[in-house]
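The next block holds one structure in the form of C-alpha cells; read it before the comments.
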Amino acid sequence: MRSVDSPVPWRTALKIAGAAATALPPERVPLGAAVGRVLAEPVHAGADLPGADAAAMDGYAVAGTGPWRVVGRVLAGGPAWAGALGPGQAVEIMTGAVVPPGAVAVLPYETADLTGATGWTKAHIRRAGEDARAGDELLRPGRVVTPAVAGLLAQAGADDVPVRRRPAVRLVVTGDEVVAAGVPRAGQVRDVFAPMVSALVTAAGGVVADRVLLPDDAGLLAGCLAATDADVVVVTGSSSAGAADHLHRVLDELGARRLVDRVACRPGRPQSLAALPGGRWVVGLPGNPYAGLVACVTLLQPLLHGLTGAARPPAPRLSVVGDVTLTPPATLLVPVRLAGDHATVVPGSRPASLAGAALADALAVLEEGWHSGDPADLMMLT
Ligand SMILES: Nc1nc2c(c(=O)[nH]1)N[C@H]1C(S)=C(S)[C@@H](COP(=O)(O)OP(=O)(O)OC[C@H]3O[C@@H](n4cnc5c(N)ncnc54)[C@H](O)[C@@H]3O)O[C@H]1N2
Ligand code: MOO
C-alpha cells in the first residue's frame, strides 16, 4: 500500500477529513432524543403556523370603530367564539386565543380605551400562516438539532425525527506506560484520551461505543482494528517513529488506504487518517496529550461531521493577540481565550501538557505570515 510520506498542509488535512466520508443511513428517533443529532431529511410544517388568527396580547378583540361593548371572553385553548363580532362589539381575549371573525385588532389591557377616543395603531393579531404555511420547508437536511430546532420541530408537529445514525467509535489507547485509573507511578502516565476523546466525539455527533487499553503490541493492535463493528477506530499513541510505534505498519498489513499520514502543524504532526477495506475509518492520534487534542479537531471531528452529514458553519475568525514564534511552513495551533473583540494566547503551551488548552476557549490556527493582532480561525473547544 502507498505510504504518504510528506506531511500535508493543515488546511488540506482538515479538508480531506471533512470530505472523506459519506453520511451514515438515517433513522427515526423521538423528538426528545434528537438534540445534537443531524437532520437526514427536510422538515415541513404539518399545518399553518399559527393555525388560526390569534391574539398576540391579553386584552380586547374589537370589531369596527369604538366605542366597544364587551360581549364575552375567549381563552386560549377554550371554545372559539361562536359567530362573528359585529361593529362596536368586543370580547376579552387572552394571548394565543383564536380571534373571532370580524375583529380588526386586539387592544392590550394596559392601553385599551373602549370609548374608541384613542383608536389603535397596531393590530396585535398573529395571522394564520404568517410564520409558515402547511407543507413549507422549515429546515434542511444537515442541520444539527439545537434546542431551538427541537422547539421548531415541535411547533411543526413532529414526534419522530429523521436523523443520521450516530457514528460509533472504538477508542484504542496504546502504551505500556499508560494506566486507566488512579494516580500514575513514576514511569507511568494516566490515560487522558478516554475522557477527552469521548467528550469530543459526543460534541461532533458520535458516540464512543467501546474502549480498549492495549500494551505496545502490533498483533493486538491489528486485532482491535480488524474485529469491530465501529464506524471509526481511534488509535492513540503508536503513531511516531519509535520501536513501539506500530500503527502505520499494521495499517499497511490490513490493506488500509492511507489518506493522511502526517500533518504540517505544531503540535500534532504524527496524526493520520486511513480507510480500512470494508469502509471503516482509522484516526491515529499522537500520544502527546495536547498534540492528540489538535489531531481530534483536525481529523477526527471533521470525519465525524462527514459521517453525520452535518452542515457546520465555517470556523469563526477573530484577531489573535500573543507573543508567539511561528515555525513555517508548519501551522501552529495555540490555545486562546476569548476577550471581547479578540482572543489572547494562553502562554506556555507544550505538546505533552493540557494545562494551556484547559484554560482556553478555542485553538487559534496561526499560519505563515500571521502577526500578533492579525485575524485567525478559531477551532472552538467550548
Ligand atoms: N524520532 C522521532 N521521535 C518522535 C517524533 C518523530 O517524528 N521522530 N515525533 C514526536 C512527536 S511530534 C510526537 S507527538 C510523539 C508521538 O508519539 P506517539 O504517538 O508514537 O506516542 P507515544 O510514543 O506512545 O507517546 C508519546 C508521549 O505521549 C504519552 N502518552 C501516550 N499515550 C498517552 C495517553 N493515553 N495518555 C497520556 N499520555 C500518553 C507517552 O507517555 C509519551 O510521553 O512522538 C515524538 N517522538
Ligand atoms: O507535534 Mo508532536 O505532535 O510535537 O507533540
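Read the numbers this way: they start at 1 and go in the same order the structure lists the ligands and their atoms. Quick caveat, the model's predicted, so the values are computed rather than measured. Below, each value reflects all heavy atoms present in this structure, side chains not excepted, and no hydrogens, waters or symmetry copies.
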I'd like to check which ligand 1 atoms, numbered from 1 as shown, lie under 4.0 Å from a non-hydrogen atom of [X].
X: Pro286; answer: 14 (S), 19 (O)
X: Glu177; answer: 40 (C), 41 (O)
X: Arg190; answer: 36 (N), 37 (C)
X: Val173; answer: 35 (N)
X: Val178; answer: 32 (N), 33 (C), 35 (N)

With rounding to the nearest 0.5 Å, note down the distance linking [atom1] in [X] to [atom2] in [Y].
X: Ser349; Y: Leu363; atom1: OG; atom2: CG; value: 8.5 Å
X: Thr331; Y: Glu367; atom1: OG1; atom2: CD; value: 4.5 Å
X: Leu307; Y: Leu24; atom1: CG; atom2: CG; value: 5.0 Å
X: Arg257; Y: Trp281; atom1: CZ; atom2: CH2; value: 5.5 Å

Does the distance from a Lys or Arg side-chain N to an Asp or Glu carboxylate O, for Asp261 and Arg258, drop under 4.0 Å?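 Yes, this pair counts.
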Distance filter under 4.0 Å to [X] heavy atoms, resulting ligand 2 atoms:
X: Pro267; value: 1 (O), 3 (O), 5 (O)
X: Pro270; value: 3 (O)
X: Gly268; value: 1 (O), 2 (Mo), 3 (O)

If only atom types and distance count, is the side chain of [X] paired as donor or acceptor with the main-chain N or O of [Y] below 3.5 Å?
X: Asp231; Y: Ala168; value: yes
X: Asp191; Y: Phe193; value: yes
X: Arg127; Y: Asp53; value: no
X: Asp252; Y: Arg249; value: no
X: Trp120; Y: Gly116; value: no

Within one Ile-Leu-Val-Met-Phe-Trp-Tyr cluster: Val104 and Ile93, side-chain cutoff 4.5 Å: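 No, separate clusters.
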Counting non-hydrogen protein atoms only, what is the nearest one to [atom]? Give residue, atom name and distance.
atom: atom 36 (N) of ligand 1; value: Val192 N, 3.1 Å
atom: atom 1 (N) of ligand 1; value: Ala241 CB, 4.1 Å
atom: atom 19 (O) of ligand 1; value: Ser239 OG, 2.5 Å
atom: atom 23 (O) of ligand 1; value: Asp245 OD1, 3.9 Å
atom: atom 5 (O) of ligand 2; value: Pro351 CB, 2.9 Å
atom: atom 30 (N) of ligand 1; value: Gly287 O, 3.2 Å
atom: atom 16 (C) of ligand 1; value: Ser240 CB, 3.7 Å

Do you know the tightest heavy-atom contact between Glu177 and Gly187?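 Scanning both residues completely, I find the closest heavy atoms to be CB-O, 3.4 Å.
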Atom of His124, atom of Met57 and distance for their closest heavy-atom approach: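 What the structure gives for the nearest pair is ND1-CG, 3.6 Å.
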Given Leu303, which partner from the list Thr308, Thr298, Val283 fulfils the side-chain contact (heavy atoms from CB on, under 4.5 Å) test?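 Testing each of Thr308, Thr298, Val283 against Leu303, the sole residue satisfying side-chain contact (heavy atoms from CB on, under 4.5 Å) is Val283.
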Just let me know how [X] lines up against ligand 1, side chain, backbone, both or neither, with a heavy-atom cut-off below 4.0 Å.
X: Asp191; value: both
X: Pro289; value: side chain
X: Val189; value: side chain

Out of Asp216, Asn288, Val179, Val294, who gets a non-hydrogen atom closest to atom 26 (C) of ligand 1?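 It is Asn288 whose heavy atom sits nearest to atom 26 (C) of ligand 1.
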Quick one: does Arg269 get a heavy atom under 4.0 Å from ligand 2?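 Contact present.
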With a 4.0 Å cut-off on heavy atoms, does Ser238 reach ligand 1?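 Contact check Ser238 vs ligand 1: positive.
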Any atom of ligand 1 sitting under 4.0 Å from a heavy atom of Pro270?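 Contact present.
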Geometry only, no angles: is Arg266 polar-contacting ligand 2 at N/O separations under 3.5 Å?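 Among all N and O atoms of Arg266, none is under 3.5 Å from an N or O of ligand 2.
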